[in-house]
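As the structure lists them, so they are numbered: ligands from 1, and atoms in each ligand from 1.
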Amino acid sequence: MAKLLIKNGRVVDPASELDRVTDVLLANAIVRKVEDNIIAPEAEVFDATGLVVTPGFIDMHVHLREPGFVHAETIETGARAAAGGGFTTICCMPNTSPVNDSAHVTSYIVERARRAAVVNVFPIGAITKGSNGEDLAAIGGMKRAGIVAISDDGRPVMNARVMRRAMETARSHDIPVIDHCEDLNLSAGGDMHEGLVSTKLGLRGIPACSEDVIVARDILLADVTGARFHVAHLSTRHSVAMVAEAKRRGLPVTCEVTPHHFAIHDGELLPYDSNYKMKPPIRCSHDVEACIAGIASGVVDALATDHAPHAGSEKMQEFEKCPFGILGLETAIGLTLQRMVVPGIISLQRMIELYTTGPAGILRLNRGTLKPGSPGDVTVLDLQRKWTYDVNKSFSKSRNSPFDGHEFPGGPVATIVGGKIVWQAE
Ligand SMILES: [Zn+2]
């Protein structure tokens, strides 16, 4: 039986209200013991002196591009990038080719992940067939095959009647509906956030209200149907306020924010650099401040990367032509430490919740803690490790990150999945 003993780390497990220097013993892929001075002569020892030992981080919003776009990413390379970024579990969005809209595709992803992925991979199924926005996908079959939520991320459902039926179905299968909230008619033709900066640059804008109207619609539909509704990559101040109000009313509404949406505002982006082009776009400073306040206050339930690899040939086009999306897995922890924890906006414990119990609770993943009996997934952080992100050394197949060359004040140093070390910093 393989055993791994993590010695002398500062173990921070918000679910157990634990924050002290102690030992963690993993055996047979689960957490066996969290105690002082564990003696296990047969175990491999990981010396975590001076390091922070936390439950394995979960990224609930990742694009793995397989099947269909394996020139940009595969399940194997995306999982390696996750491990290199400190994540032990990722959830992959269904906008592959074919779209993950049937048990057949879900099973393919689950099987590929079992063989090729170094981290846990949970698929998210499509809401509608081919994400066409009209006919519901085979939600029950996909649930049995292993999906943990449904979403038409990237091609959001515009028809409110279809979304209502999707929520009713999701409720009967007890899974959440994750919506990429964007009114495609309001955002059509836009390349960046609509505001002063887009006007100055002469680029077409994506207004904040294109997100807000769909967040409003979906909260109303969640109220009508009783479905669990989760806002993907929330980015505007009005959306933060609406989610806060929905929570006050006791509705089952949750949301996530990405690191790039709290780390930069539209006045800071490099004009015409396609590595700053994503949906939702980098918003103005008022929206960024509201997202940060929502993360600090508890309105925001999870941080998620929206890791969206695109091959160089696609991203290296004129700004108007290139696709939306950036890498995120390898810079998320560094950005969160730098922008949220170091300045004291949130505590280290709160950061860990946002990447563990937060997403685990939304998706009911039964992980995100180091309580004995939990999966043996651990993320090890070094809060003193200064490092620089070199995108050319990324485990991802793609290179589209605006944070290439960025210096971070701390980050992950080891990723342990099912009791095995799957990545360690050099
Ligand atoms: Zn999206």
Going by ring pair (Phe, Tyr, Trp, His ring centres under 6.0 Å), name the residues that satisfy it together with H406, two or more places apart in sequence or in a different chain. F403, F408
Checking side-chain polar atoms at under 3.5 Å, does D306 have a donor or acceptor matched by the opposite partner on H261? no
Among all residues two or more places apart in sequence or in another chain, which pass the side-chain contact (heavy atoms from CB on, under 4.5 Å) test with A302? M60, E256, P359, I362
side-chain contact (heavy atoms from CB on, under 4.5 Å) filter on L220, not counting sequence neighbours, yields none
At a cut-off of 2.8 Å, protein N/O/S around the Zn ion (ligand 1) gives D153 OD1, H180 ND1, H233 NE2
Does the distance from a Lys or Arg side-chain N to an Asp or Glu carboxylate O, for R283 and E211, drop under 4.0 Å? yes
Taking the six-membered ring for Trp and the single ring otherwise, decide whether the centroids of F87 and Y355 are under 6.0 Å apart. yes
